[in-house]
Peer 1: 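This structure is in structure tokens; I'll ask about it shortly.
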Amino acid sequence: EKSSHYNFSKVLNIRFLPKQGLLFSRSEAKQMAEIDFLTKRSSQVRRDIVRMVHSCSSGHPGGSLGCADFFVALYGEMMHYDAKNFNMDGKGEDLFFLSNGHISPVWYSALARNGYFPIEELATFRQIDSRLQGHPTTAEHLPGIRMASGSLGQGLSVAIGAALTKKLNNDERIVYTLHGDGELQEGQIWEAAMYAPHHKVDNLIATIDFNSRQIDGDVDDVLSLGNLRAKWESFGWDVLETNGNNMAELLETLKKAKGMTGKGKPIVIIMKTEMGQGVDFMMGSHKWHGVAPNDEQLDQALSQLTETEGDY
């Protein structure tokens, strides 16, 4: 069972709601409640992120904050999984691989908030003997983690292998990945990008966090990626674009991508986000790629992020 801890069909027992003199259908009202819940969870996940990196004075808050909505949507609505009975094979489940592993805080929060392990364990982030290391690792046996990542460029290759395995096993579930835009400067990404369309890996949805920033500066200044959409299309992928910090648009795009699977081509989503989203002084700069907030900055950040589900 998907573990979003929220059953919209049960909590929403109304058929119509007023909307500027108009009426919502039951499906529209359900969608509104869904988006509202996921948006509130994103705020809580962002609180988790800044508290985690502050507690150990280390970590990567910028990209984590920018991708919070994506992780909340993916685990709260899109993916089919069994959080309480995690196993490495994931047969009959959708799989997710984080290629840009340095944004582990947002992944750990999403996993905990969706039942993979106790929320209280987030307090152990980057501590000695913790299962929540700075970059995810399978050696710690943390539920939800199926590959060690952090060495950039490898996630797409691993995901393709998992997707092909599902095909061999007649498993119709989907494999999802996330990549940083700076990560696309790695050559292995483009080897995998050639391989997937050639072998019709059409049960794969890759997403690129296109925040235009990386550790050394703006992506365009470090090594421009040019026209990303044209690049991926030329490799044979179906390409979608979305605003990764607009929950309604993001959900619509993810659902559209899911509907495009099984048609002979892999899908890539170019997801525009803002590094540091939700915390004003972290937004608009690469400088918060891998810097933890101090005590004063933490208080300032938390004042901008509503506590919606309770801090760990």
Peer 1: Do the side chain of Trp190 and the main chain of Leu184 share a donor and acceptor less than 3.5 angstrom apart?
Peer 2: yes
Peer 1: Are any non-hydrogen side-chain atoms of Pro293 and Met282 less than 4.5 angstrom apart?
Peer 2: yes
Peer 1: How far does CG of Leu74 sit from CG of Asp94, to the nearest 0.5 angstrom?
Peer 2: 8.5 Å
Peer 1: How many angstroms lie between CG in Asn203 and OG1 in Thr165, if you round to the nearest 0.5 Å?
Peer 2: 9.5 Å
Peer 1: Look at the side chain of Arg47 and the backbone N and O of Leu305, then say whether any donor-acceptor pair between them is shorter than 3.5 Å.
Peer 2: yes
Peer 1: For the aromatic rings, using the six-membered ring if either is Trp, is the centroid distance between Tyr81 and Phe86 under 6.0 Å?
Peer 2: no
Peer 1: Do Glu249 side-chain atoms and Asn243 backbone N/O form a donor-acceptor pair below 3.5 Å?
Peer 2: yes
Peer 1: Under the rule for side chain to side chain donor-acceptor pair (under 3.5 Å), what residues qualify as partners of Glu233, not counting sequence neighbours?
Peer 2: Arg229
Peer 1: Hey, is the main chain of Asp221 close enough, under 3.5 Å, to the side chain of Asp218 for a donor-acceptor pair?
Peer 2: no
Peer 1: Side chains of Asn246 and Leu250: closer than 4.5 Å at any heavy-atom pair?
Peer 2: no
Peer 1: For Leu38 versus Val72, what's the shortest heavy-atom pair and its separation?
Peer 2: O-CG1, 3.4 Å
Peer 1: Could you check Leu95 against Lys166 for side chain to side chain contact (heavy atoms under 4.5 Å, CB included), going step by step and ending with a plain yes or no?
Peer 2: CA-CA 10 Å; Leu95 305 181; Lys166 285 193 174 294; 3.6 Å; yes
Peer 1: Dump the intermediate steps for side chain to side chain contact (heavy atoms under 4.5 Å, CB included) on Arg131 and Phe117, then the final yes or no.
Peer 2: CA-CA 10 Å; Arg131 298 195 297 176; Phe117 55 86; 3.8 Å; yes
Peer 1: Is it true that, when you exclude Glu172 itself, more than 12 heavy atoms of the residues, nucleotides or ligands shown sit nearer than 6.0 Å to its CD?
Peer 2: no
Peer 1: Between Thr124 and Ser130 (side chain of the first, backbone of the second, donor and acceptor by atom type, cut-off under 3.5 Å), is there such a pair?
Peer 2: no
Peer 1: Measuring from Tyr75:OH to Asn114:CG, what's the distance to the nearest 0.5 Å?
Peer 2: 8.5 Å
Peer 1: Heavy atoms, side chains only, cut-off 4.5 Å: are Leu142 and Gln133 in contact?
Peer 2: no
Peer 1: In terms of side-chain heavy atoms, does Asn87 have a donor or acceptor partner in Arg146 at a distance below 3.5 Å?
Peer 2: no
Peer 1: Tell me whether Lys91 at atom NZ has more than 12 heavy atoms from other residues, nucleotides or ligands lying less than 6.0 Å away.
Peer 2: no
Peer 1: Can you list every side chain to side chain donor-acceptor pair (under 3.5 Å) pair that touches residues 56-68, not counting sequence neighbours?
Peer 2: Ser58-Arg126
Peer 1: Can you name the side chain to side chain donor-acceptor pair (under 3.5 Å) partners of Ser104, sequence neighbours left out?
Peer 2: none
Peer 1: Between Gln214 and Asp181, is any side-chain donor less than 3.5 angstrom from a side-chain acceptor?
Peer 2: no
Peer 1: Within this structure, what is the NE2-CH2 distance for the pair His135 and Trp107, rounded to the nearest 0.5 Å?
Peer 2: 12.5 Å
Peer 1: Once the angle between the rings of Phe96 and Phe70 is folded into 0 to 90°, is it parallel (under 30°), tilted (30 to 60°) or perpendicular (over 60°)?
Peer 2: tilted
Peer 1: Report the residues that fulfil side chain to side chain donor-acceptor pair (under 3.5 Å) with Asn245, sequence neighbours left out, ordered by chain and then residue number.
Peer 2: Asp69
Peer 1: Would you check if there is a donor-acceptor pair between the side chains of Asp311 and Gln44 at a distance under 3.5 Å?
Peer 2: yes
Peer 1: Can you tell me how far NZ of Lys256 sits from OG1 of Thr261, rounded to the nearest 0.5 angstrom?
Peer 2: 13.5 Å
Peer 1: Identify the heavy atoms of Asp202 and Lys167 that sit nearest to each other, and give their distance.
Peer 2: OD1-NZ, 2.6 Å
Peer 1: Side-chain donor-acceptor pair under 3.5 Å between Glu183 and Ser99, yes or no?
Peer 2: yes
Peer 1: List the atom of Trp232, the atom of Ala193, and the distance in Å for their closest heavy-atom pair.
Peer 2: CZ3-CB, 3.6 Å
Peer 1: Quick one: do Glu34 and Lys255 make a salt bridge, cutoff under 4.0 Å?
Peer 2: yes
Peer 1: Please list, chain by chain and in numerical order, all residues satisfying side chain to side chain contact (heavy atoms under 4.5 Å, CB included) with Ile215, sequence neighbours excluded.
Peer 2: His289
Peer 1: Within a strict 4.5 Å, meaning less than it, do heavy atoms of the Tyr195 and Leu156 side chains meet?
Peer 2: no
Peer 1: Any cation-pi pair here, Arg51 with Tyr312, using under 6.0 Å and within 45°?
Peer 2: yes
Peer 1: Same cluster for Met79 and Met88 if Ile/Leu/Val/Met/Phe/Trp/Tyr side chains link at under 4.5 Å?
Peer 2: yes
Peer 1: Which pair of heavy atoms, one from Thr177 and one from Gly155, lies closest together, and at what distance?
Peer 2: CG2-O, 4.3 Å
Peer 1: Can you pull the salt bridge (Lys or Arg N to Asp or Glu O under 4.0 Å) pairs that have at least one residue in residues 259-273, sequence neighbours excluded?
Peer 2: Asp238-Lys265
Peer 1: Judged by modelled atom types alone, do Ser149 and Gln154 share a side-chain donor-acceptor pair under 3.5 Å?
Peer 2: no
Peer 1: Using a 4.5 Å cut-off on heavy atoms from C-beta on, say whether the side chain of Ile174 contacts that of Leu204.
Peer 2: no
Peer 1: For the atom pair OG1 (Thr273) and CE (Met283), what is the distance rounded to the nearest 0.5 Å?
Peer 2: 10.0 Å
Peer 1: For the NZ atom on Lys40, are there more than 12 heavy atoms of other groups (residues, nucleotides or ligands in this structure) within a distance under 6.0 Å?
Peer 2: no
Peer 1: Show your working on side chain to side chain contact (heavy atoms under 4.5 Å, CB included) between Thr137 and Ile145 and close with a plain yes or no.
Peer 2: CA-CA 7 Å; Thr137 169; Ile145 310 299; over 6 Å; no
Peer 1: Taking the side chain from Arg41 and the backbone from Thr308, do they hold a donor-acceptor pair closer than 3.5 Å?
Peer 2: no
Peer 1: Do Asp209 and His179 make a side-chain contact, defined as non-hydrogen atoms from C-beta onward lying under 4.5 Å apart?
Peer 2: no
Peer 1: Shortest non-hydrogen contact from Thr138 to Ala148?
Peer 2: CG2-N, 3.9 Å
Peer 1: What's the verdict on salt bridge (charged side-chain N to carboxylate O under 4.0 Å, His left out) for Arg213 and Glu274, showing C-alpha distance, side-chain angles and the deciding distance?
Peer 2: CA-CA 9 Å; Arg213 295 178 177 86; Glu274 183 65 62; 3.2 Å; yes
Peer 1: Should Arg113 and Asp48 count as an ion pair when the cut-off is N to O under 4.0 Å?
Peer 2: yes
Peer 1: Please check if Leu98 and Ile270 belong to a single hydrophobic cluster, counting links between Ile, Leu, Val, Met, Phe, Trp and Tyr side chain heavy atoms closer than 4.5 Å.
Peer 2: no
Peer 1: Does the Gln277 side chain pair with the main chain of Cys67, one donor and one acceptor, at a distance under 3.5 Å?
Peer 2: no
Peer 1: Tell me the closest heavy-atom pair linking Pro136 and Tyr108, and the distance in Å.
Peer 2: CA-OH, 3.5 Å
Peer 1: A side-chain contact here means heavy atoms from C-beta on lying under 4.5 Å apart; do Leu240 and Val268 qualify?
Peer 2: no
Peer 1: With the side chain counted from C-beta on, respond yes when Leu178 and Phe71 share a heavy-atom pair under 4.5 Å apart, and no when they do not.
Peer 2: yes
